[in-house]
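What follows is one structure encoded as C-alpha coordinates, with my remarks underneath.
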There are 2 protein chains.
Amino acid sequence: MRKNPERRQALVDAAIEVLAKEGARGLTFRAVDAAAEVPTGTASNYFSSRDDLLTQAGGRIYERLLPDDETMAQLDVGGQDRAHFARLMHELVDRIMAFNTGFLALLELRLESTRRPELREVVTKRIRADVDQNIANHAASGLPGDSTTVVTLMLALNWLIMERLTLPGLFSEQEAHELVDVLVERLIAR
Amino acid sequence: MRKNPERRQALVDAAIEVLAKEGARGLTFRAVDAAAEVPTGTASNYFSSRDDLLTQAGGRIYERLLPDDETMAQLDVGGQDRAHFARLMHELVDRIMAFNTGFLALLELRLESTRRPELREVVTKRIRADVDQNIANHAASGLPGDSTTVVTLMLALNWLIMERLTLPGLFSEQEAHELVDVLVERLIAR
DNA sequence: TTGACACCACTCCATCTGTAGTACTACGTT
DNA sequence: AACGTAGTACTACAGATGGAGTGGTGTCAA
(Lines give C-alpha, C1' and ligand atoms only; values in the text may rest on other atoms or scores of the structure.)
Protein backbone atom coordinates (compact mmCIF):
# COMPACT_ATOMS: atom_id res chain seq x y z
CA MET A 1 0.00 0.00 0.00
CA ARG A 2 1.51 3.32 -1.12
CA LYS A 3 1.79 6.28 1.24
CA ASN A 4 2.27 9.47 -0.75
CA PRO A 5 -0.36 11.74 0.82
CA GLU A 6 -0.77 14.23 -2.03
CA ARG A 7 -1.44 11.46 -4.45
CA ARG A 8 -3.80 9.79 -2.04
CA GLN A 9 -5.83 12.97 -1.70
CA ALA A 10 -5.80 13.57 -5.41
CA LEU A 11 -7.26 10.12 -5.81
CA VAL A 12 -9.98 10.74 -3.24
CA ASP A 13 -10.90 14.00 -4.95
CA ALA A 14 -10.98 12.20 -8.25
CA ALA A 15 -13.28 9.64 -6.64
CA ILE A 16 -15.73 12.41 -5.74
CA GLU A 17 -15.68 13.55 -9.32
CA VAL A 18 -16.38 10.05 -10.53
CA LEU A 19 -19.20 9.64 -8.02
CA ALA A 20 -20.94 12.73 -9.33
CA LYS A 21 -20.38 11.89 -12.98
CA GLU A 22 -20.84 8.14 -13.07
CA GLY A 23 -22.73 7.28 -9.92
CA ALA A 24 -21.76 5.08 -7.03
CA ARG A 25 -21.74 1.98 -9.13
CA GLY A 26 -19.44 3.62 -11.61
CA LEU A 27 -16.82 4.19 -8.98
CA THR A 28 -14.12 1.71 -9.97
CA PHE A 29 -10.41 1.80 -9.43
CA ARG A 30 -9.96 2.22 -13.13
CA ALA A 31 -12.38 5.13 -13.37
CA VAL A 32 -10.61 6.89 -10.52
CA ASP A 33 -7.26 6.32 -12.19
CA ALA A 34 -8.60 7.93 -15.31
CA ALA A 35 -10.18 10.88 -13.50
CA ALA A 36 -6.99 11.54 -11.54
CA GLU A 37 -4.94 11.14 -14.71
CA VAL A 38 -2.62 8.61 -13.19
CA PRO A 39 -1.58 5.30 -14.70
CA THR A 40 -3.85 2.30 -14.59
CA GLY A 41 -3.52 0.39 -11.37
CA THR A 42 -2.59 3.34 -9.17
CA ALA A 43 -5.83 3.43 -7.19
CA SER A 44 -5.44 -0.29 -6.63
CA ASN A 45 -2.14 0.43 -4.97
CA TYR A 46 -3.56 3.08 -2.67
CA PHE A 47 -6.82 1.62 -1.45
CA SER A 48 -7.51 -1.83 -0.18
CA SER A 49 -10.99 -2.03 -1.64
CA ARG A 50 -13.79 -0.11 -3.25
CA ASP A 51 -15.44 0.26 0.14
CA ASP A 52 -12.33 1.85 1.49
CA LEU A 53 -12.31 4.39 -1.30
CA LEU A 54 -16.01 5.07 -0.89
CA THR A 55 -15.85 5.80 2.81
CA GLN A 56 -12.83 8.01 2.42
CA ALA A 57 -14.64 9.97 -0.25
CA GLY A 58 -17.60 10.27 2.11
CA GLY A 59 -15.38 11.82 4.73
CA ARG A 60 -13.71 14.17 2.32
CA ILE A 61 -16.72 15.69 0.62
CA TYR A 62 -17.82 17.42 3.77
CA GLU A 63 -14.48 19.06 4.22
CA ARG A 64 -14.96 20.62 0.86
CA LEU A 65 -18.60 21.58 1.33
CA LEU A 66 -17.97 23.52 4.51
CA PRO A 67 -17.92 27.28 4.18
CA ASP A 68 -14.55 28.92 4.08
CA ASP A 69 -13.47 31.31 6.79
CA GLU A 70 -14.34 34.34 4.76
CA THR A 71 -17.92 33.26 4.46
CA MET A 72 -18.13 32.42 8.13
CA ALA A 73 -16.95 35.91 9.01
CA GLN A 74 -19.85 37.38 7.07
CA LEU A 75 -22.23 35.80 9.54
CA ASP A 76 -21.48 38.60 11.95
CA VAL A 77 -21.52 41.64 9.73
CA GLY A 78 -24.59 43.04 8.10
CA GLY A 79 -27.20 43.12 10.78
CA GLN A 80 -29.45 40.62 12.41
CA ASP A 81 -32.66 41.03 10.54
CA ARG A 82 -34.59 38.88 8.14
CA ALA A 83 -33.13 40.55 5.10
CA HIS A 84 -29.64 39.63 6.19
CA PHE A 85 -30.77 36.12 7.01
CA ALA A 86 -32.15 35.79 3.52
CA ARG A 87 -28.94 37.14 2.03
CA LEU A 88 -26.96 34.50 3.89
CA MET A 89 -29.24 31.75 2.67
CA HIS A 90 -28.90 32.87 -0.92
CA GLU A 91 -25.18 32.78 -0.45
CA LEU A 92 -25.40 29.27 1.01
CA VAL A 93 -27.42 28.02 -1.91
CA ASP A 94 -25.04 29.59 -4.40
CA ARG A 95 -22.01 28.20 -2.66
CA ILE A 96 -23.32 24.66 -2.63
CA MET A 97 -24.52 24.86 -6.19
CA ALA A 98 -21.10 26.08 -7.24
CA PHE A 99 -19.62 22.84 -5.92
CA ASN A 100 -22.36 20.84 -7.57
CA THR A 101 -20.04 17.90 -8.04
CA GLY A 102 -19.83 17.57 -4.28
CA PHE A 103 -23.54 17.81 -3.76
CA LEU A 104 -24.28 15.20 -6.38
CA ALA A 105 -21.57 12.94 -5.06
CA LEU A 106 -23.07 13.21 -1.61
CA LEU A 107 -26.44 12.22 -2.97
CA GLU A 108 -24.89 9.20 -4.56
CA LEU A 109 -23.27 8.32 -1.29
CA ARG A 110 -26.57 8.63 0.53
CA LEU A 111 -28.17 6.20 -1.85
CA GLU A 112 -25.21 3.90 -1.60
CA SER A 113 -25.55 4.08 2.18
CA THR A 114 -28.77 2.20 1.77
CA ARG A 115 -26.66 -0.79 0.83
CA ARG A 116 -23.57 -0.28 3.03
CA PRO A 117 -24.09 0.08 6.76
CA GLU A 118 -20.51 1.11 7.31
CA LEU A 119 -20.80 3.98 4.87
CA ARG A 120 -24.14 4.96 6.32
CA GLU A 121 -22.55 5.39 9.69
CA VAL A 122 -19.84 7.68 8.38
CA VAL A 123 -22.27 9.81 6.42
CA THR A 124 -24.79 10.00 9.26
CA LYS A 125 -22.14 11.24 11.67
CA ARG A 126 -20.94 13.88 9.25
CA ILE A 127 -24.38 15.20 8.51
CA ARG A 128 -25.41 15.10 12.14
CA ALA A 129 -22.38 17.24 12.93
CA ASP A 130 -23.25 19.60 10.13
CA VAL A 131 -26.80 20.05 11.38
CA ASP A 132 -25.60 20.69 14.90
CA GLN A 133 -23.04 23.18 13.72
CA ASN A 134 -25.56 25.07 11.68
CA ILE A 135 -27.82 25.30 14.69
CA ALA A 136 -24.97 26.51 16.85
CA ASN A 137 -23.83 29.07 14.29
CA HIS A 138 -27.32 30.38 13.98
CA ALA A 139 -27.75 30.66 17.72
CA ALA A 140 -24.47 32.54 18.03
CA SER A 141 -25.31 34.89 15.21
CA GLY A 142 -28.29 36.50 16.87
CA LEU A 143 -30.36 36.09 13.74
CA PRO A 144 -34.10 35.68 14.18
CA GLY A 145 -35.63 32.21 14.36
CA ASP A 146 -35.05 29.16 16.52
CA SER A 147 -33.26 25.87 16.01
CA THR A 148 -36.29 24.45 14.27
CA THR A 149 -36.05 27.28 11.80
CA VAL A 150 -32.57 26.11 10.94
CA VAL A 151 -33.53 22.46 10.53
CA THR A 152 -36.60 23.10 8.44
CA LEU A 153 -34.70 25.56 6.29
CA MET A 154 -32.03 22.97 5.67
CA LEU A 155 -34.65 20.45 4.61
CA ALA A 156 -36.31 22.74 2.13
CA LEU A 157 -33.16 24.32 0.77
CA ASN A 158 -31.47 20.99 0.24
CA TRP A 159 -34.34 19.70 -1.82
CA LEU A 160 -34.49 22.94 -3.73
CA ILE A 161 -30.81 22.65 -4.57
CA MET A 162 -31.28 19.07 -5.61
CA GLU A 163 -34.19 20.04 -7.78
CA ARG A 164 -32.13 22.70 -9.49
CA LEU A 165 -29.18 20.42 -10.01
CA THR A 166 -30.96 17.33 -11.25
CA LEU A 167 -33.98 18.84 -13.05
CA PRO A 168 -33.00 22.38 -13.92
CA GLY A 169 -36.13 22.86 -15.98
CA LEU A 170 -38.52 22.43 -13.07
CA PHE A 171 -38.12 25.80 -11.40
CA SER A 172 -36.76 28.87 -13.11
CA GLU A 173 -33.90 30.66 -11.48
CA GLN A 174 -36.23 33.39 -10.41
CA GLU A 175 -38.75 31.01 -8.88
CA ALA A 176 -35.95 29.37 -6.98
CA HIS A 177 -34.76 32.73 -5.75
CA GLU A 178 -38.20 33.70 -4.54
CA LEU A 179 -38.67 30.37 -2.83
CA VAL A 180 -35.61 31.02 -0.72
CA ASP A 181 -37.04 34.36 0.36
CA VAL A 182 -40.39 32.86 1.22
CA LEU A 183 -38.81 30.05 3.17
CA VAL A 184 -36.77 32.39 5.32
CA GLU A 185 -39.75 34.64 5.82
CA ARG A 186 -42.14 31.93 6.90
CA LEU A 187 -39.89 29.54 8.74
CA ILE A 188 -38.78 32.10 11.27
CA ALA A 189 -40.86 31.35 14.32
CA ARG A 190 -43.45 33.87 15.32
CA MET B 1 -40.37 -7.78 -29.39
CA ARG B 2 -42.88 -9.60 -27.18
CA LYS B 3 -46.31 -8.17 -26.40
CA ASN B 4 -47.73 -9.87 -23.29
CA PRO B 5 -48.78 -6.83 -21.25
CA GLU B 6 -48.83 -8.45 -17.80
CA ARG B 7 -45.32 -9.67 -18.26
CA ARG B 8 -44.21 -6.33 -19.58
CA GLN B 9 -45.58 -4.57 -16.52
CA ALA B 10 -44.11 -7.17 -14.19
CA LEU B 11 -40.75 -6.44 -15.78
CA VAL B 12 -41.12 -2.69 -15.37
CA ASP B 13 -42.05 -3.15 -11.73
CA ALA B 14 -39.08 -5.42 -11.29
CA ALA B 15 -36.95 -2.70 -12.84
CA ILE B 16 -38.12 -0.27 -10.17
CA GLU B 17 -37.13 -2.77 -7.53
CA VAL B 18 -33.71 -3.15 -9.09
CA LEU B 19 -33.28 0.61 -9.30
CA ALA B 20 -33.92 0.98 -5.59
CA LYS B 21 -31.76 -1.96 -4.59
CA GLU B 22 -28.85 -1.74 -6.97
CA GLY B 23 -28.91 1.79 -8.29
CA ALA B 24 -29.30 3.07 -11.81
CA ARG B 25 -26.06 1.56 -12.93
CA GLY B 26 -27.12 -1.82 -11.63
CA LEU B 27 -30.16 -1.84 -13.85
CA THR B 28 -29.30 -4.47 -16.45
CA PHE B 29 -31.51 -6.80 -18.40
CA ARG B 30 -30.12 -9.67 -16.42
CA ALA B 31 -30.84 -8.08 -13.06
CA VAL B 32 -34.40 -7.35 -14.11
CA ASP B 33 -34.85 -10.92 -15.25
CA ALA B 34 -33.71 -12.11 -11.86
CA ALA B 35 -35.91 -9.67 -9.92
CA ALA B 36 -38.96 -10.58 -11.96
CA GLU B 37 -38.11 -14.26 -11.62
CA VAL B 38 -38.31 -14.89 -15.31
CA PRO B 39 -35.75 -16.72 -17.41
CA THR B 40 -32.58 -15.03 -18.52
CA GLY B 41 -33.07 -13.10 -21.69
CA THR B 42 -36.71 -12.21 -21.16
CA ALA B 43 -36.13 -8.51 -20.56
CA SER B 44 -34.00 -8.45 -23.69
CA ASN B 45 -37.03 -9.67 -25.60
CA TYR B 46 -39.33 -7.01 -24.18
CA PHE B 47 -37.27 -3.85 -24.32
CA SER B 48 -35.15 -2.55 -27.09
CA SER B 49 -32.48 -1.08 -24.83
CA ARG B 50 -31.57 -0.18 -21.30
CA ASP B 51 -32.69 3.38 -21.98
CA ASP B 52 -36.07 2.13 -23.03
CA LEU B 53 -36.45 0.21 -19.80
CA LEU B 54 -35.24 3.17 -17.76
CA THR B 55 -37.69 5.66 -19.21
CA GLN B 56 -40.59 3.25 -18.90
CA ALA B 57 -39.71 2.72 -15.27
CA GLY B 58 -39.62 6.48 -14.85
CA GLY B 59 -43.14 6.74 -16.17
CA ARG B 60 -44.44 3.88 -14.08
CA ILE B 61 -43.15 4.95 -10.68
CA TYR B 62 -45.40 7.95 -10.61
CA GLU B 63 -48.46 5.88 -11.30
CA ARG B 64 -47.65 3.94 -8.20
CA LEU B 65 -46.77 6.92 -6.04
CA LEU B 66 -50.04 8.71 -6.70
CA PRO B 67 -52.61 8.53 -3.93
CA ASP B 68 -55.40 6.04 -4.43
CA ASP B 69 -58.98 7.22 -4.73
CA GLU B 70 -59.74 6.49 -1.13
CA THR B 71 -57.02 8.83 0.06
CA MET B 72 -58.12 11.51 -2.35
CA ALA B 73 -61.63 11.35 -0.99
CA GLN B 74 -60.30 12.11 2.47
CA LEU B 75 -59.18 15.48 1.23
CA ASP B 76 -62.73 16.69 1.55
CA VAL B 77 -63.81 15.24 4.85
CA GLY B 78 -62.44 16.32 8.19
CA GLY B 79 -62.54 20.06 8.10
CA GLN B 80 -60.43 22.77 6.58
CA ASP B 81 -58.24 23.79 9.45
CA ARG B 82 -54.55 23.43 10.15
CA ALA B 83 -54.98 20.29 12.18
CA HIS B 84 -56.56 18.56 9.25
CA PHE B 85 -53.90 19.88 6.94
CA ALA B 86 -51.26 18.41 9.23
CA ARG B 87 -53.07 15.10 9.36
CA LEU B 88 -53.08 14.94 5.57
CA MET B 89 -49.38 15.67 5.41
CA HIS B 90 -48.58 12.95 7.90
CA GLU B 91 -50.58 10.61 5.77
CA LEU B 92 -48.69 11.72 2.69
CA VAL B 93 -45.35 11.11 4.33
CA ASP B 94 -46.41 7.70 5.58
CA ARG B 95 -47.78 6.70 2.23
CA ILE B 96 -44.63 7.61 0.37
CA MET B 97 -42.42 5.99 2.96
CA ALA B 98 -44.44 2.82 2.71
CA PHE B 99 -43.49 2.61 -0.96
CA ASN B 100 -39.91 3.40 -0.14
CA THR B 101 -38.72 1.35 -3.07
CA GLY B 102 -40.47 3.80 -5.37
CA PHE B 103 -39.04 6.85 -3.69
CA LEU B 104 -35.53 5.50 -3.78
CA ALA B 105 -35.92 4.43 -7.38
CA LEU B 106 -37.07 7.92 -8.26
CA LEU B 107 -34.02 9.38 -6.60
CA GLU B 108 -31.83 7.08 -8.64
CA LEU B 109 -33.63 8.20 -11.75
CA ARG B 110 -33.10 11.84 -10.89
CA LEU B 111 -29.40 11.28 -10.56
CA GLU B 112 -29.35 9.28 -13.74
CA SER B 113 -31.17 12.18 -15.42
CA THR B 114 -28.01 14.15 -14.95
CA ARG B 115 -26.47 11.92 -17.58
CA ARG B 116 -29.44 11.25 -19.86
CA PRO B 117 -31.28 14.25 -21.30
CA GLU B 118 -34.07 12.08 -22.62
CA LEU B 119 -34.76 10.63 -19.23
CA ARG B 120 -34.54 14.06 -17.67
CA GLU B 121 -37.29 15.28 -19.90
CA VAL B 122 -39.62 12.46 -18.93
CA VAL B 123 -38.96 12.88 -15.24
CA THR B 124 -39.24 16.67 -15.35
CA LYS B 125 -42.62 16.46 -17.04
CA ARG B 126 -43.93 13.98 -14.52
CA ILE B 127 -42.80 15.96 -11.54
CA ARG B 128 -44.00 19.22 -13.01
CA ALA B 129 -47.42 17.63 -13.41
CA ASP B 130 -47.30 16.35 -9.86
CA VAL B 131 -46.48 19.79 -8.48
CA ASP B 132 -49.29 21.39 -10.46
CA GLN B 133 -51.74 18.77 -9.37
CA ASN B 134 -50.84 19.19 -5.74
CA ILE B 135 -51.38 22.92 -6.06
CA ALA B 136 -54.72 22.40 -7.75
CA ASN B 137 -55.85 19.84 -5.17
CA HIS B 138 -54.92 22.15 -2.41
CA ALA B 139 -56.76 25.07 -3.93
CA ALA B 140 -59.87 22.97 -4.41
CA SER B 141 -59.76 21.65 -0.88
CA GLY B 142 -60.24 24.97 0.83
CA LEU B 143 -57.39 24.25 3.21
CA PRO B 144 -55.47 27.24 4.53
CA GLY B 145 -52.32 28.40 2.77
CA ASP B 146 -51.47 29.44 -0.77
CA SER B 147 -49.74 27.76 -3.69
CA THR B 148 -46.37 28.69 -2.28
CA THR B 149 -47.29 26.84 0.87
CA VAL B 150 -47.76 23.74 -1.20
CA VAL B 151 -44.48 24.07 -3.06
CA THR B 152 -42.37 24.82 -0.02
CA LEU B 153 -44.02 22.01 1.89
CA MET B 154 -43.18 19.62 -0.90
CA LEU B 155 -39.57 20.73 -0.81
CA ALA B 156 -39.15 20.21 2.90
CA LEU B 157 -41.19 17.03 3.17
CA ASN B 158 -39.38 15.40 0.30
CA TRP B 159 -36.01 15.99 1.88
CA LEU B 160 -37.33 14.82 5.21
CA ILE B 161 -38.52 11.59 3.65
CA MET B 162 -35.22 11.14 1.92
CA GLU B 163 -33.40 11.73 5.16
CA ARG B 164 -35.49 9.13 6.91
CA LEU B 165 -35.06 6.59 4.14
CA THR B 166 -31.37 6.94 3.52
CA LEU B 167 -30.07 7.87 6.97
CA PRO B 168 -32.67 6.63 9.43
CA GLY B 169 -30.45 7.43 12.36
CA LEU B 170 -30.39 11.16 11.72
CA PHE B 171 -33.83 12.14 12.97
CA SER B 172 -35.87 10.02 15.33
CA GLU B 173 -39.36 9.12 14.33
CA GLN B 174 -40.69 11.60 16.82
CA GLU B 175 -38.49 14.43 15.60
CA ALA B 176 -39.62 13.72 12.09
CA HIS B 177 -43.22 13.78 13.20
CA GLU B 178 -42.82 17.10 14.94
CA LEU B 179 -41.04 18.58 11.96
CA VAL B 180 -44.05 17.86 9.80
CA ASP B 181 -46.27 19.69 12.26
CA VAL B 182 -43.96 22.67 12.42
CA LEU B 183 -43.69 22.85 8.67
CA VAL B 184 -47.42 22.93 8.17
CA GLU B 185 -47.81 25.46 10.94
CA ARG B 186 -45.22 27.86 9.65
CA LEU B 187 -45.51 27.50 5.93
CA ILE B 188 -49.15 28.51 5.84
CA ALA B 189 -49.10 32.12 4.79
CA ARG B 190 -50.16 34.69 7.28
C1' DT C 1 23.15 0.39 -2.34
C1' DT C 2 18.65 0.13 -0.93
C1' DG C 3 13.87 1.15 -0.45
C1' DA C 4 9.76 3.37 -1.88
C1' DC C 5 7.17 4.50 -5.49
C1' DA C 6 5.62 5.53 -10.50
C1' DC C 7 4.47 3.29 -14.36
C1' DC C 8 3.33 -0.49 -17.54
C1' DA C 9 1.75 -4.91 -19.11
C1' DC C 10 -0.48 -9.02 -18.78
C1' DT C 11 -3.71 -12.60 -17.10
C1' DC C 12 -7.82 -14.06 -14.95
C1' DC C 13 -12.47 -13.50 -14.13
C1' DA C 14 -17.19 -11.80 -13.93
C1' DT C 15 -20.85 -10.12 -16.35
C1' DC C 16 -23.64 -8.31 -19.98
C1' DT C 17 -25.79 -8.40 -24.55
C1' DG C 18 -27.96 -10.29 -28.50
C1' DT C 19 -29.70 -14.03 -30.76
C1' DA C 20 -30.47 -18.66 -32.55
C1' DG C 21 -32.94 -22.58 -31.58
C1' DT C 22 -36.31 -25.53 -29.25
C1' DA C 23 -40.55 -26.49 -26.75
C1' DC C 24 -45.04 -25.28 -25.45
C1' DT C 25 -49.79 -23.42 -25.76
C1' DA C 26 -53.85 -21.44 -27.72
C1' DC C 27 -56.55 -20.78 -31.31
C1' DG C 28 -58.53 -21.09 -35.78
C1' DT C 29 -59.30 -24.11 -39.88
C1' DT C 30 -61.01 -27.85 -42.28
C1' DA D 1 -61.60 -34.19 -33.87
C1' DA D 2 -57.15 -33.60 -36.09
C1' DC D 3 -54.03 -30.38 -37.77
C1' DG D 4 -51.43 -26.16 -38.65
C1' DT D 5 -49.82 -21.82 -37.28
C1' DA D 6 -48.54 -17.81 -34.59
C1' DG D 7 -46.84 -16.10 -30.61
C1' DT D 8 -44.32 -16.80 -26.69
C1' DA D 9 -41.54 -19.08 -22.91
C1' DC D 10 -37.34 -20.84 -22.08
C1' DT D 11 -32.38 -22.39 -22.90
C1' DA D 12 -27.91 -22.05 -24.46
C1' DC D 13 -24.19 -20.07 -26.62
C1' DA D 14 -20.90 -16.58 -28.85
C1' DG D 15 -18.84 -12.38 -28.66
C1' DA D 16 -17.39 -8.46 -26.21
C1' DT D 17 -16.33 -5.58 -22.47
C1' DG D 18 -14.18 -4.07 -18.59
C1' DG D 19 -12.38 -4.43 -14.16
C1' DA D 20 -9.21 -6.58 -10.49
C1' DG D 21 -4.96 -7.84 -9.09
C1' DT D 22 -0.12 -8.49 -9.58
C1' DG D 23 4.63 -8.85 -11.10
C1' DG D 24 8.25 -6.47 -13.16
C1' DT D 25 11.11 -2.53 -14.50
C1' DG D 26 12.75 2.01 -14.25
C1' DT D 27 13.69 6.14 -11.35
C1' DC D 28 14.89 8.96 -7.58
C1' DA D 29 16.52 10.05 -3.08
C1' DA D 30 18.47 8.95 1.29
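Letters go in sequence order (proteins before strands), and every chain restarts at 1. All values below come from the heavy atoms of this structure, side chains included, with hydrogens, waters and symmetry mates left out.
- Straight-line distance from the CG atom of B/D51 to the P atom of C/dT17: 12 Å, rounded to whole Å.
- Under the 4.0 Å criterion applied to side-chain N and carboxylate O atoms, A/E108 and B/R115 are assigned as salt-bridge partners.
- A donor and an acceptor atom, one from each side chain of A/H90 and A/R87, are nowhere located under 3.5 Å apart.
- Out of D/dA9, C/dC8, D/dG21, the shortest distance to the side chain of A/P39 is found at C/dC8.
- A salt bridge links B/E17 to B/K21: at least one charged side-chain nitrogen sits closer than 4.0 Å to a carboxylate oxygen.
- With hydrogens and angles ignored, a donor-acceptor pair closer than 3.5 Å exists between the side chain of B/R2 and the base of D/dA9.
- Distances from the side chain of B/S44 to the nucleotides D/dA9, C/dT19, C/dA6 place C/dT19 closest.
- Comparing A/A31 and A/N45 by the nucleotide of DNA chain D whose heavy atom lies nearest to each, the residue mapping closer to the 5' end is A/A31.
- The phosphate of D/dT8 (OP1 or OP2) has no side-chain N or O of B/Y46 nearer than 4.0 angstrom.
- Distance, B/E37 CD to D/dC10 P: 12 Å, rounded to whole Å.
- In this entry the distance linking CG of B/L11 with P of D/dC10 reads 11 Å, nearest Å.
- The NZ atom of B/K3 sits 18 Å away from the C1' atom of C/dA26 (whole-angstrom rounding).
- Across the protein-nucleic acid pair, B/D33 atom CG and C/dT15 atom P stand 15 Å apart, rounded to whole Å.
- At a threshold of 4.0 Å, the pair B/R186-A/D146 counts as salt-bridged, since one of the basic side-chain nitrogens sits closer than that to a carboxylate oxygen.
- Closest to the side chain of B/R30, from the set C/dA6, D/dG21, C/dC16, is C/dC16.
- The nearest whole Å value for the distance from the CZ atom in A/R8 to the P atom in C/dA4 is 15 Å.
- Cation-pi contact between A/R2 and A/F47: absent, since separation from the ring centre below 6.0 Å together with deviation from the ring axis within 45° is not met.
- B/T42 comes within 4.0 angstrom of no nucleic acid atom, judged by non-hydrogen atoms across all strands.
- Straight-line distance from the CG atom of B/N4 to the P atom of C/dT25: 15 Å, rounded to whole Å.
- The base of D/dA9 does not come close enough to the side chain of B/R7 for any donor and acceptor atom to sit less than 3.5 Å apart.
- You'll find that the side chain of B/T28 is closest to C/dC16, out of C/dG18, D/dG21, C/dC16.
- One cannot find a donor-acceptor pair under 3.5 Å joining the base of D/dG19 and the side-chain atoms of A/R50.
- Within 4.0 Å of A/F47, counting heavy atoms only, lies no atom of the nucleic acid at all.
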